[in-house]
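Scroll down for the structure; my scribbles are underneath it.
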Amino acid sequence: MNITYEHKPEMTLIGFSTSIRPEDGYIKCPEFWDKEYARKYEKLWQTMKPETPVEKAILENGVGLFAICDEKEGAFEYWIAGLYKGGQVPEGLKLYTFPESDWAMFSAKGPLPGSLQRLNTQVWEEWYPEEGQKYRGNGNAMLEVYSPGDMQSPDYECGIWVPICKPIEQSEQEAAETVSTMTITGIL
C-alpha cells in the first residue's frame, strides 16, 4: 500500500449521487458508475459534444475523475464527481466542499473495480487500525481518485484520499469507540 500525506486547500466538487448501504458498496458502486455514467452518457463519450447543460458541466469539470463517499446514518452517499471550476450548476448536479485539510493519500495500480476495492479494504483494515488511529477524520467523507486512461489496464492508477486532522493523542477508550462505530456502520 503506497501512502503519502499532503496538505490541500479547500476543494469543491460537482457531481451527482445515490445512497448505498455499506454492505452493498462493492456491488452497488460499480453498478452506479455503469448505469448512471457510462451508459447514460455513452453518446457524450463518443462525440465529446455536449447537448445539455448537465453534459456541458460534466465535460467542463471533469466529472468522473473523483468519487465521494460521504458517510451517513446507516448508509453513505456515493457521488460521481469532478473539480468544480465555477459557473452554472445545472439541475441534476450539486456541489460538495471539502475544507482545507491534511490528507492521507493512498494509491494502487490495476484494473477497476478490483484494484480500488482491494485498496479500500487495505486502508480500513490495515492503515486505519494502526497508523490511522493517530489522526482524527476531518469530516465524514473521503475521495476516490481516478486517472484518465484504460481502467482495465494492469497499469491503471487510482487512489483513495482521506481528509485528516493533525496527529492527536487518543485514549484507548476513544480508539475502541471509533473502531466500534466503523464496525457497526460497515466500514470495517
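The first residue of the sequence shown is numbered 1, and numbering continues consecutively from there. All values below come from the heavy atoms of this structure, side chains included, with hydrogens, waters and symmetry mates left out.
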Heavy atoms only: give me the nearest [X]-[Y] pair and the separation to one decimal.
{"X": "Ala108", "Y": "Ser115", "answer": "CB-O, 4.1 Å"}
{"X": "Ser17", "Y": "Lys94", "answer": "OG-NZ, 2.8 Å"}
{"X": "Leu112", "Y": "Cys158", "answer": "CD2-SG, 4.0 Å"}
{"X": "Pro90", "Y": "Pro53", "answer": "CG-O, 3.4 Å"}
{"X": "Met48", "Y": "Pro50", "answer": "O-CD, 3.7 Å"}
{"X": "Gly137", "Y": "Cys165", "answer": "O-SG, 4.1 Å"}

Should the pair [X] and [Y] be assigned to parallel (<30°), tilted (30 to 60°) or perpendicular (>60°) ring geometry?
{"X": "Trp127", "Y": "Tyr135", "result": "parallel"}
{"X": "Phe16", "Y": "Tyr41", "result": "tilted"}
{"X": "Trp45", "Y": "Tyr37", "result": "tilted"}

Measure the [atom1]-[atom2] distance between [X] and [Y] for me, rounded to the nearest 0.5 Å.
{"X": "Asn120", "Y": "Glu144", "atom1": "CG", "atom2": "CD", "answer": "7.0 Å"}
{"X": "Lys49", "Y": "Glu55", "atom1": "NZ", "atom2": "CD", "answer": "13.0 Å"}
{"X": "Glu100", "Y": "Met11", "atom1": "CD", "atom2": "CE", "answer": "11.0 Å"}
{"X": "Met105", "Y": "Met142", "atom1": "CE", "atom2": "CE", "answer": "14.0 Å"}
{"X": "Lys43", "Y": "Glu51", "atom1": "NZ", "atom2": "CD", "answer": "3.5 Å"}
{"X": "Asn2", "Y": "Gln122", "atom1": "CG", "atom2": "CD", "answer": "10.5 Å"}

Within a radius of less than 6.0 Å around [atom1] of [X], do more than 12 heavy atoms belonging to other residues, nucleotides or ligands occur?
{"X": "Glu130", "atom1": "CD", "value": "no"}
{"X": "Leu95", "atom1": "CG", "value": "yes"}
{"X": "Gln152", "atom1": "CD", "value": "yes"}

Would a hydrophobic clustering, with Ile, Leu, Val, Met, Phe, Trp and Tyr connected at side-chain separations under 4.5 Å, put [X] with [Y]?
{"X": "Phe32", "Y": "Phe66", "answer": "no"}
{"X": "Leu44", "Y": "Val63", "answer": "yes"}
{"X": "Trp33", "Y": "Leu93", "answer": "yes"}
{"X": "Leu59", "Y": "Ile14", "answer": "yes"}
{"X": "Leu143", "Y": "Ile3", "answer": "no"}

Set of side-chain hydrogen bond (donor to acceptor under 3.5 Å, both in side chains) partners for Glu126, sequence neighbours left out: none
Given Lys40, Arg39, Lys28, the one that forms salt bridge (Lys or Arg N to Asp or Glu O under 4.0 Å) with Asp34: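 It is Arg39; the other options fail the test.
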Would you tell me whether Thr121 and Tyr26 have side-chain atoms, one donor and one acceptor, within less than 3.5 Å of each other? yes
Would you check if there is a donor-acceptor pair between the side chains of Glu157 and Ser147 at a distance under 3.5 Å? no
If only atom types and distance count, is the side chain of [X] paired as donor or acceptor with the main-chain N or O of [Y] below 3.5 Å?
{"X": "Tyr146", "Y": "Gly149", "answer": "no"}
{"X": "Thr97", "Y": "Thr12", "answer": "no"}
{"X": "Lys85", "Y": "Glu60", "answer": "yes"}

Reference residue Tyr78; test side chain to side chain contact (heavy atoms under 4.5 Å, CB included); the match among Asp70, Ile68, Ile20: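 Running side chain to side chain contact (heavy atoms under 4.5 Å, CB included) over Asp70, Ile68, Ile20 with Tyr78 returns exactly one hit, Ile20.
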Just do the side chain to side chain contact (heavy atoms under 4.5 Å, CB included) check on Cys29 and Phe76 with the steps written out, would you? CA-CA 11 Å; Cys29 291; Phe76 62 94; 3.8 Å; yes
Worked verdict on Trp124 versus Val162 for side chain to side chain contact (heavy atoms under 4.5 Å, CB included): CA-CA 11 Å; Trp124 299 113; Val162 179; 4.1 Å; yes
Under the criterion side chain to side chain contact (heavy atoms under 4.5 Å, CB included), I'd like the reasoning laid out for Asp102 against Tyr5: C-alpha separation, chi angles, the key distance, then a yes or no. CA-CA 7 Å; Asp102 291 323; Tyr5 294 91; over 6 Å; no
Can you confirm whether or not the ring centre of Phe98 sits under 6.0 Å from the ring centre of Trp103? yes
Do the side chains of Leu13 and Leu83 get nearer than 4.5 Å, heavy atoms only?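 In contact.
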Does the distance from a Lys or Arg side-chain N to an Asp or Glu carboxylate O, for Lys35 and Glu31, drop under 4.0 Å? no
